[in-house]
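Below is one structure, written out as structure tokens; comments come after it.
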Amino acid sequence: MAAEPAAAGSTRASVTSVTDALAVLPGQREPARGGSGPDGFELEWQRILAAIGQALTIDLICHIAPDGDALGSSLAAGLALRSLGHEVRVSFGDDPQVIPESLAFLPGQELIVPAAAVPDRPELVLCFDVASEGRLGLLHDKAFAARALVVFDHHASNPGFGTHRIIDPTAPATAVLVDELLRRLRVPLDQQLATCLYTGIATDTGSFKYAATTPATHELAGRLLATGIRHDLISRRLWDTASFGYLKVLAAALDRAVFEPDAAGGHGLVWTWVPYQDLALFGVTVEEIEGLIDILRKPAEAEVALVLKQDPDGTLRGSCRSKGAVDVAAACTALGGGGHTFAAGFSVRAAVPETVARFKAAL
């Protein structure tokens, strides 16, 4: 079952079949945007490609508690660089590292190593989908000790850390930037790469529902599907598969939900929280309930939704969404987090009432 979404067809499509598939699809790979104007942006790409070309060993890292875009982007880049002869490691700064069951099908996970296995002074670090330094976790100091730290990200709140950076807030997912990286490295798409990239794009666009989805997003999805991946099986694993324990945790969280119509400047807030005891009781990981926020944001009466998930050490991970009238990234930044204008998050060590009060004040 773990490899179900990538099971259709051969593991790697031939260059000829990919080329033929691309020929019948509209458009080309759209270059990512960002940087300080077209010339400065292109120069940054050239510097990044030069750094990659000179490196023997490359460490690819993503944010703690990785989602589909973070892990999919890292693994896609790792597989591509390995195919070019580089020694690669993929990691993220959690201990223990937990791969969500919904992402267990992603190819390339043999590249993943514990944070402790990343050297103290890496030769080259490529960083994916990390909106702020704090999201590097245990890999923060190692990343900044690297000879070069390259950041690929699409969060508007990213302050621009690293020695080189490709940050494009208009991109619907970091996976779009990785697709551009593969194009510039002249690595053809195959089913393994397409599975990782499709997972990243589908995850961060809410299965192509969010406003950041563009015609170019759908064209990219078409090119990925042309490799022969089973998008139906990928989607089933991402959104339509859960344990029975998840249903019990979900029921308790919805019963605990609070609606505050006067919050967010009168736009309304609905929030809930999931104590660690619930997760332990029903054998559910905090990663399994990432989709809870998408259920909580459904009420028409509330513009903003907030879910607080408690870790064993008491840390609260906040996930919030806005329907378009409130900048939740600014509110999350005030609590030490960040993200997109309408989808963001934060982590704090505080009680639930205090955290909700701070979040409401930030809104």
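Source: prediction; values computed, not measured.
- Remark: of the listed residues Leu71, Asp67, Leu75, Leu71 is the sole one forming a side chain to side chain contact (heavy atoms under 4.5 Å, CB included) with Leu103.
- Atom CZ of Arg147 is surrounded by 12 or fewer heavy atoms from other residues, nucleotides or ligands within 6.0 Å.
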Take Phe359 and Val348 through the test side chain to side chain contact (heavy atoms under 4.5 Å, CB included) and record every step on the way to the result. CA-CA 11 Å; Phe359 181 73; Val348 295; over 6 Å; no
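- Classification of the Phe128-Phe152 ring pair by plane angle, with boundaries at 30° and 60°, yields parallel.
- Distance alone, capped at 3.5 Å, places no donor-acceptor pair between the Glu288 side chain and the Ala242 backbone.
- Residue Phe259 is not grouped with residue Val356 when hydrophobic side chains (ILVMFWY) are merged at heavy-atom distances under 4.5 angstrom, including chains of intermediate members.
- Using a 4.5 Å heavy-atom cutoff, the side chains of Gln109 and Val90 are not in contact.
- Checked by atom type, the side-chain pair Glu260/Trp271 shows a donor-acceptor distance below 3.5 Å.
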Output, in order, the C-alpha distance, side-chain angles, deciding distance and verdict of side chain to side chain donor-acceptor pair (under 3.5 Å) for Ser91 and Gln97. CA-CA 9 Å; Ser91 190; Gln97 292 177 332; 3.2 Å; yes
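- Residues Val352 and Pro275 have side chains not in contact (no heavy-atom distance under 4.5 Å, counting atoms from C-beta outward).
- For the pair Lys248 (side chain) and Phe282 (backbone), a donor-acceptor distance under 3.5 Å is absent.
- Under the 4.5 Å side-chain heavy-atom criterion for grouping Ile, Leu, Val, Met, Phe, Trp and Tyr, Ile229 is connected to Leu197 within one hydrophobic cluster.
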Should Asp311 and Arg317 be marked as a salt bridge (Lys or Arg N to Asp or Glu O under 4.0 Å) after you check the CA-CA gap, both sets of side-chain angles, and the distance that decides it? CA-CA 8 Å; Asp311 285 340; Arg317 302 189 196 181; 3.1 Å; yes
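- Residues Leu126 and Ile52 are in side-chain contact: their nearest non-hydrogen atoms beyond the backbone lie under 4.5 Å apart.
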Given the rule in the salt bridge (Lys or Arg N to Asp or Glu O under 4.0 Å) test, do Asp179 and Arg223 qualify, once you have shown the distances and angles that lead to the verdict? CA-CA 11 Å; Asp179 175 67; Arg223 291 192 285 102; 3.2 Å; yes
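- Here CD of Glu42 is found 4.0 Å from CZ of Arg184. Values are rounded to the nearest 0.5 Å.
- Between Arg89 and the choices Leu111, Leu60, Thr57, the side chain to side chain contact (heavy atoms under 4.5 Å, CB included) rule is met once, by Thr57.
- The cluster map of Ile, Leu, Val, Met, Phe, Trp and Tyr, joined by side-chain heavy atoms under 4.5 Å apart, puts Trp239 and Phe244 in different clusters.
- With hydrogens and angles disregarded, a donor-acceptor distance shorter than 3.5 Å links the side chain of Thr272 to the backbone of Ala253.
- Distance alone, capped at 3.5 Å, is enough to place a donor-acceptor pair between the His86 side chain and the Ala55 backbone.
- Using bins of under 30°, 30° to 60° and over 60° for the plane-to-plane angle, the ring pair His155/His340 lands in the parallel bin.
- The 12-atom threshold is not exceeded at OH of Tyr276, counting heavy atoms of other residues, nucleotides or ligands nearer than 6.0 Å.
- Side-chain contact between Leu238 and Phe105 is present, with at least one heavy-atom pair separated by less than 4.5 Å.
- A 4.5 Å side-chain heavy-atom check between Glu290 and Ser319 finds at least one atom pair inside the cut-off.
- Annotation: the span from Phe342 atom CZ to Glu303 atom CD amounts to 8.0 Å, rounded to 0.5 Å.
- Note on Val258: it does not cluster hydrophobically with Leu254, by side-chain heavy-atom contacts below 4.5 Å among ILVMFWY residues.
- Put simply, CD1 on Ile64 and CG on Leu139 are 10.5 Å apart, with the number rounded to the nearest 0.5 Å.
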Checking side chain to side chain contact (heavy atoms under 4.5 Å, CB included) for the pair Ile166/Phe41: CA distance, chi angles, key distance, verdict? CA-CA 8 Å; Ile166 299 294; Phe41 185 75; 3.7 Å; yes
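- Put simply, the side chain of Arg237 gets close to the backbone of Glu101: a donor and an acceptor are under 3.5 Å apart.
- At least one donor-acceptor pair closer than 3.5 Å links the side chain of Arg256 to the backbone N or O of Trp273.
- Leu292 places a side-chain heavy atom less than 4.5 Å from the side chain of Leu250.
- Between the CG atom of Leu193 and the OG atom of Ser83 there is a distance of 7.0 Å, given to the nearest 0.5 Å.
- Side-chain atoms of Asp69 come within 3.5 Å of backbone N or O of Ala175 as a donor-acceptor pair.
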Between His218 and Thr213, is a side chain to side chain contact (heavy atoms under 4.5 Å, CB included) present by the stated rule, with each step listed? CA-CA 8 Å; His218 286 289; Thr213 304; 3.5 Å; yes
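- Note that CD1 of Ile99 and CD of Glu287 are 9.0 Å apart. Values are rounded to the nearest 0.5 Å.
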Using the rule given for side chain to side chain contact (heavy atoms under 4.5 Å, CB included), can you reason through Val130 versus Asn158, listing the C-alpha separation, both sets of side-chain angles and the distance that settles it, and then say yes or no? CA-CA 8 Å; Val130 179; Asn158 192 304; 5.8 Å; no
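- Side-chain atoms of Arg297 never come within 3.5 Å of backbone atoms of Ala305 as a donor-acceptor pair (strictly under, hydrogens ignored).
- The structure places CG of Asp240 at 11.5 Å from CG of Leu233, a figure rounded to the nearest 0.5 Å.
- Residues Ile289 and Leu279 have side chains in contact (heavy-atom distance under 4.5 Å, counting atoms from C-beta outward).
- In this structure, Lys323 places its NZ atom where more than 12 heavy-atom neighbours from other residues, nucleotides or ligands lie under 6.0 Å away.
- There is a path of hydrophobic side-chain contacts, each under 4.5 Å, that joins Trp45 to Val187.
- Between His154 and Asp129, the closest side-chain pair of non-hydrogen atoms falls below 4.5 Å.
- The backbone N or O of Asp232 lies less than 3.5 Å from no partner atom in the side chain of Ser235, so there is not a single donor-acceptor pair.
- Residues meeting the salt bridge (Lys or Arg N to Asp or Glu O under 4.0 Å) test with Asp94, sequence neighbours left out: none.
- Side chain of Asp190 to backbone of Thr227: no donor-acceptor contact under 3.5 angstrom is found.
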